Undergrad: 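Handing you a structure now.
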Amino acid sequence: MNGADTAWVMVATALVLLMTLPGLALFYGGLVRARNVLSVFMQCFAIAALMSVLWLLGGYSVAFGTANGWWGGLARTGLIGVDAATLRGTQPEIAFFAFQMTFAIITPALILGAFVERVNFAFVMAFSALWMLLVYAPVTHWIWGGGIMADGGIWGATGTRDFAGGIVVHETAALAALLLAVMIGPRRHRTTPPHNPGMVAMGAGFLWVGWFGFNGGSQLAADGGAAMAITVTHLSAAAASLSWAAWERIKFGRSSLVGIVTGTIAGLASITPASGYVGPLEALAIGTIAGILCQEAVVLIRERLHIDDTLDVFAVHGVGGIFGTVMIAVFGHGSWVAQLGALAVVGVYTLGLSWVIAKLVALVFPMRVDKEAETNGLDLSTHGERAYDMNS
């Protein structure tokens, strides 16, 4: 066992959990109306708890077991046979389990942004549970668990390169989010501004810092590769923040706080798949392009396609993750066939199975709350609480 590697992965585990709690909760919570902020917090915390239990009871085994190339099997269910002395590489397997658990938490949590302010809480929980086990865990196995898209798999000697989740995390979550936004339908009032931009900025700050664990921790070692991943992550985020703000000023004559921090997330999502393969200048290029590309994707989804992906999950995470995955091949660090093929296969699988899961869950729990609950806000109507004495 390597003590330094183990210590770094444990620190990275805490950083990735920080991304969801409180990072994503604050980021999403600030973007919604005041009457719905606690519902966002509730969904983030509940998903973190539920995914943790399900990761132990089946998700980890499906993702990182060794049954075959399509799924990992159930031999690791409940971590049977794994104790503190069991090693995976240079560190205890339990540390690897905990690190990957935080990825299984944030991926379904990202989907929440597509349907806030109108979704039924019971539907969210049931859908997220099945989606993590049936979509996220198998895709993780295909690419990270030695499955069909790894080196020597269906793409040949050079498999799919996805260092920290451009496909596994961002593409899967974003496509499911876009699909559910269409299935659930738009909010009754779509033009209400964020109730607390300061909260959005705080959440983005937690996400920026936590992303060092997300990408740097994916090296699974305390070495130069982890240091490079952290550095390029930061540079891409910085470049995308600036390009988003500059593009806003060119188009609208001003740059907004919500805009610049959304650019930060676009840069982070875009560098994620490439963070273990590119250098600082490449990261600067990825981030600069991502800030403009993702902003234009927001316009496309909102204004031209009229899809109420409320917090721009697909435009930022999906477009960013797909862009970063393609850039791996552009810069010569991966195979075009493996990169594009994985995007296509995972995309079709995610959309198809997400639709089936949503339809099945909707037979038991309605997707959407009624009009009265939506008007009153989910905080009071669903959870019996309010964040503020006066609500927007």
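Here the structure is a predicted model, which means the values were calculated and not measured.
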Undergrad: Under a 4.0 Å N-O cut-off, is there an ion pair linking Asp308 with Arg302?
TA: no
Undergrad: Would you be so kind as to tabulate the donor-acceptor pairs closer than 3.5 Å made by side chains of residues 20-31, with sequence neighbours excluded?
TA:
unit_1 : atom_1 : unit_2 : atom_2 : d
Tyr28  : OH     : Leu110 : O      : 2.8

Undergrad: Extract all donor-acceptor atom pairs below 3.5 Å that involve side chains of residues 37-53 and protein atoms in other chains or at least two apart in sequence.
TA:
unit_1 : atom_1 : unit_2 : atom_2 : d
Ser39  : OG     : Asn36  : O      : 2.6
Ser52  : OG     : Ala48  : O      : 2.6

Undergrad: Examine the side chains of Trp155 and Ser335 and answer whether a donor and an acceptor come within less than 3.5 Å of each other.
TA: no
Undergrad: Taking only residues two or more places apart in sequence, or in another chain, which ones meet Thr233 in a side chain to side chain contact (heavy atoms under 4.5 Å, CB included)?
TA: Trp211, Phe212, Asn215, Leu268, Ile271, Ser275
Undergrad: Taking Gly263's backbone N and O only, do any of them form a donor-acceptor pair with Ser241's side chain (distance below 3.5 Å, no angle check)?
TA: no
Undergrad: Give a yes or no on this: more than 12 heavy atoms of other residues, nucleotides or ligands lie within 6.0 Å of atom NZ of Lys251.
TA: yes
Undergrad: Using the ring of each side chain (for Trp, its six-membered ring), is Phe96 parallel, tilted or perpendicular to Tyr60, with breaks at 30° and 60°?
TA: perpendicular
Undergrad: When you check the side-chain N and O atoms of Ser256 and Glu248, is any donor under 3.5 Å from an acceptor?
TA: yes
Undergrad: Check whether any side-chain N or O of Asn68 sits under 3.5 Å from a backbone N or O of Trp71 as a donor-acceptor pair, and report yes or no.
TA: yes
Undergrad: Please check this pair: side chain of Asp312 against backbone of Val298, looking for a donor-acceptor N/O pair closer than 3.5 Å.
TA: no
Undergrad: Could you go through the ring-ring contact (aromatic ring centres under 6.0 Å, His included) check for Trp55 and Phe103 one step at a time?
TA: CA-CA 10 Å; Trp55 190 245; Phe103 280 65; 9.4 Å; no
Undergrad: Should we say atom CZ of Arg249 is surrounded by more than 12 heavy atoms from elsewhere, each under 6.0 Å from it?
TA: no
Undergrad: Hey, is Arg118 close enough to Asp370 for a salt bridge, meaning N to O under 4.0 Å?
TA: no
Undergrad: Would the distance check show the side chain of Asn120 and the main-chain N or O of Met367 forming a donor-acceptor pair, the cut-off being under 3.5 Å?
TA: no
Undergrad: Output yes when a side-chain donor or acceptor of Asn2 lies under 3.5 Å from a complementary backbone atom of Thr90, and no otherwise.
TA: no
Undergrad: Would you find a donor on one side and an acceptor on the other, under 3.5 Å apart, between the side chain of Thr107 and the backbone of Ala104?
TA: no
Undergrad: Take atom CG in Leu281; do more than 12 heavy atoms of anything else shown fall under 6.0 Å from it?
TA: no
Undergrad: Does the side chain of Glu296 pick up a donor-acceptor pair with the side chain of Trp247 at under 3.5 Å?
TA: yes
Undergrad: Charged N to carboxylate O below 4.0 Å: is that the case for Arg187 and Glu117?
TA: yes
Undergrad: Can you get from Trp336 to Val346 by hopping between Ile, Leu, Val, Met, Phe, Trp and Tyr side chains that sit under 4.5 Å apart?
TA: yes
Undergrad: Say whether, by atom type as modelled, one donor and one acceptor occur between the side chain of Ser236 and the main chain of Gly267 under 3.5 angstrom.
TA: yes
Undergrad: Hey, is the main chain of Leu74 close enough, under 3.5 Å, to the side chain of Thr77 for a donor-acceptor pair?
TA: yes
Undergrad: Counting N and O atoms only, with roles assigned by atom type, does the side chain of His141 sit under 3.5 Å from a partner on the main chain of Ala63, one being a donor and the other an acceptor?
TA: yes
Undergrad: Do the side-chain N and O atoms of Thr262 and Trp244 include a donor-acceptor pair separated by under 3.5 angstrom?
TA: no
Undergrad: Give a yes-or-no answer on whether the side chains of Glu282 and His333 include a donor-acceptor pair shorter than 3.5 Å.
TA: yes
